[in-house]
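Take a look at the structure below.
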Amino acid sequence: MKWWQVGVVYEIAPISFQDSNGDGKGDLAGLINRIGYLEWLGIDVVWLTPVFPSPFLDLGYDIANFCDIDPRFGTIEEFSLLVSELHRRGIRLLLDFVPNHTSDQHAWFIESRTSKQSAKRHWYVWAEPGGDGGPPNNWLSRFGGSAWQWDASGQYYYHSFLPEQPDLNWRNPDVRAGMADVLRFWLRHGVDGFRVDASAVLAEDELLRDDPSNPDADKDTPPPQRLKRVFTDDRRESMGYLEEMRQVVDEFADRALAGEVQGKTDRIGHFYGEERPRFHMPLNFALLDSPWDAFSLQANIDAYLNAIPKGAWPNWVIGGHDKKRIASKIGQAQARNLSILLLTMKGTPFFFAGDELGMEQVEIPHDRVQDPFEKLVGGYGLNRDPQRSPMRWDGTSNGGFTTGEPWLPMGSDVAQRNVEFLKKNARSLLTLYRAAIALRKRERVLAEGEYEPIRSRNDILAYKRVGADGEFLVALNLVHEPRKLEWSGNGILLLSTYLDSDERVVTCPRLLRPDEGIVLKLR
Ligand code: GLC
């Protein structure tokens, strides 16, 4: 098995991880100082959100130079130190790769917009006005309003996201060659792979056909989602570009590509590739999106496994910088079951820094909102700041994150929900995460074995993991009352979400306690 199949992946937004210079924003030096924590927890792979020079209008996803480090984070030398310090501890590094757009401050765009004759004109998506002199068509930006921005050079340019994030023109082979060199630049710096941002939207319809209205939309639907993105998303050409990216990554030994694929599970299979490979891991958000009950979960797990090609390696994501904290949705007791589910399923587990503490959505006062999504499409609960609140290392008011003013509020529960406090508690969620990760490493069947579902009954989600080195049963009681596990057989109890029992033989059927999840090694 490959490292990216068996490894546990941890997403870090460096701005929210550890500040080292008191400016209230995390940086590379701070992150390097916290590698010991990653090692203690058992993390195998770190994925960093963008650290490149950026005006930072969109958490750094507006990149002004793909091949350098933003001074707010540090220097390229510090980046190299980060790579070597992680590798020294056997931890791999994935970088965010943002192919769809640049910042309007990128040298390519600055040159592109100088005139219609600019040598870089066709590096971006420019179009003449529509019949009425307005935008070329009805396409909408995901962040609100038309996706077309009028420019003094005499045309409109297309932006899937902010007007300050013009879309690159992937039909242009020079763009593709330029972006391939960006990948090579970081691969030569020793990174182990990438998470490809917004990977389904690289190419738009060449005829600029209008999108139809979304029949499911009503007054509560955020305006940018009131059209169906038929002509801007999931175009066949985009898939070809992903294949080219994969070829570049395959020029280097043992690297991996993960990719952001939003939307319905049934789309996800395509992103693995057909004749030619695309991503090793198109990211799967099925657990996050599922209602939290046994029937829904068993169905969503099945739908996902059914949607990926035969032989494709699954993955499971339970948090991220764009996703509401799951502990706020399912509660602290069930967050414990989720940790077991994530770490005993077949497939690569991904979680977001702070999920292991049970971090919840942090309330953001109006005047501290940072996320452009909320600023531009407010009132629909889209703000992503609540999940981006900084990591808490100790119980002081700034959680040991910074000596300055944190860039986002820390939240009101820092005193009870921080690394230092939870580490001391032998039954905390953090202790459970660490135990489950260690168990996954010790019992390789949990990482590598086959998955065999067991029919859910009595609000219990149950399945087996089966391999040459044994059989394991996982059973999770998804309600806050005792429930009978009907399955019969016995095994050694390796882990309970209660963290209160020594290894002993458990015979089933038997009652699971309220919210209890268990892992048995069958005999
Ligand atoms: C991706 C990122 C998101 C960002 C967007 C535009 O969806 O995950 O945070 O806003 O791309 O780059």
Side-chain angles (χ1 to χ4, degrees), residues 9 11-16 47-66 70 94-106 109 124-125 139-145 147 149 158-168 170 179 182 194-202 204 222 224-225 229 232-234 238 242 245 257-263 267-268 271 279 281-285 288-289 315 317-325 350-353 369-378 380 382-389 407-408:
V9 189
E11 180 191 348
I12 294 177
I15 191 173
S16 284
W47 146 31
L48 296 187
T49 62
V51 287
F52 319 107
S54 166
F56 233 80
L57 297 177
D58 184 23
L59 202 77
Y61 285 92
D62 46 328
I63 298 172
N65 178 353
F66 287 108
D70 192 292
L94 302 180
L95 283 186
D96 227 300
F97 178 59
V98 185
N100 179 67
H101 47 272
T102 69
S103 160
D104 63 352
Q105 302 304 308
H106 195 293
F109 189 69
Y124 292 84
V125 182
W139 293 349
L140 295 175
S141 155
R142 282 179 164 63
F143 287 160
Q149 176 73 27
Y158 176 72
H159 57 92
S160 308
F161 297 92
L162 293 174
E164 294 87 354
Q165 292 170 305
D167 271 47
L168 283 164
W170 272 77
M179 293 304 276
V182 171
F194 302 91
R195 170 267 189 189
V196 180
D197 183 68
S199 55
V201 305
L202 295 180
E204 300 77 38
Q225 294 158 24
R229 297 179 183 278
T232 59
D233 290 15
D234 283 344
S238 296
L242 302 181
M245 274 177 216
L257 266 190
E260 181 194 24
V261 182
Q262 300 285 2
R267 301 165 59 230
I268 213 161
F271 289 82
F279 295 138
M281 291 183 286
L283 297 180
N284 158 36
F285 300 106
L288 267 174
D289 296 338
N315 67 80
V317 185
I318 61 143
H321 66 282
D322 292 328
K323 302 290 179 187
K324 292 191 175 24
R325 290 280 183 185
F350 282 71
F351 61 100
F352 184 40
V369 170
Q370 305 279 342
D371 184 7
F373 209 179
E374 177 64 11
K375 289 182 187 161
L376 296 170
V377 197
Y380 294 91
L382 298 171
N383 190 5
R384 297 171 295 177
D385 294 333
Q387 61 263 30
R388 295 174 175 180
S389 167
W407 77 287
L408 280 176

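We count ligands from 1, going down the list as the structure has it; atoms in each ligand are counted the same way.
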For this session: Would you please classify the geometry between the F350 ring and the W47 ring as parallel, tilted or perpendicular, with 30° and 60° separating the classes?
Result: perpendicular
Problem set entry | Any donor-acceptor pair under 3.5 Å from N65 side chain to P53 backbone | no
For this session: Look only at the side chain of Q370 and the backbone of L408, and say whether a donor-acceptor pair between them is shorter than 3.5 Å.
Result: no
For this session: For the residue pair S16 and W407, confirm or rule out a side-chain donor-acceptor distance under 3.5 Å.
Result: yes
For this session: List for me each residue that meets side-chain hydrogen bond (donor to acceptor under 3.5 Å, both in side chains) alongside D385, sequence neighbours excluded, and say none if there are none.
Result: none
Check each N or O atom of ligand 1 against all protein N or O atoms and list the pairs under 3.5 Å, with atom names and distances to 0.1 Å, one per line.
unit_1: ligand 1; atom_1: 7 (O); unit_2: E260; atom_2: OE1; d: 3.1
unit_1: ligand 1; atom_1: 7 (O); unit_2: E260; atom_2: OE2; d: 2.9
unit_1: ligand 1; atom_1: 8 (O); unit_2: R195; atom_2: NH2; d: 3.1
unit_1: ligand 1; atom_1: 8 (O); unit_2: D197; atom_2: OD1; d: 3.4
unit_1: ligand 1; atom_1: 8 (O); unit_2: H321; atom_2: NE2; d: 2.7
unit_1: ligand 1; atom_1: 8 (O); unit_2: D322; atom_2: OD2; d: 2.4
unit_1: ligand 1; atom_1: 9 (O); unit_2: H321; atom_2: NE2; d: 3.0
unit_1: ligand 1; atom_1: 9 (O); unit_2: D322; atom_2: OD1; d: 2.7
unit_1: ligand 1; atom_1: 9 (O); unit_2: D322; atom_2: OD2; d: 3.4
unit_1: ligand 1; atom_1: 9 (O); unit_2: R384; atom_2: NH1; d: 3.2
unit_1: ligand 1; atom_1: 10 (O); unit_2: D58; atom_2: OD1; d: 3.1
unit_1: ligand 1; atom_1: 10 (O); unit_2: D58; atom_2: OD2; d: 2.7
unit_1: ligand 1; atom_1: 10 (O); unit_2: R384; atom_2: NH1; d: 3.0
unit_1: ligand 1; atom_1: 11 (O); unit_2: D197; atom_2: OD1; d: 2.9
unit_1: ligand 1; atom_1: 11 (O); unit_2: D197; atom_2: OD2; d: 3.0
unit_1: ligand 1; atom_1: 12 (O); unit_2: H101; atom_2: NE2; d: 2.9
unit_1: ligand 1; atom_1: 12 (O); unit_2: D197; atom_2: OD2; d: 3.2

For this session: With K323 as the cation and F285 as the aromatic partner, state whether NZ or CZ is under 6.0 Å from the six-membered ring centre and within 45° of the axis.
Result: yes
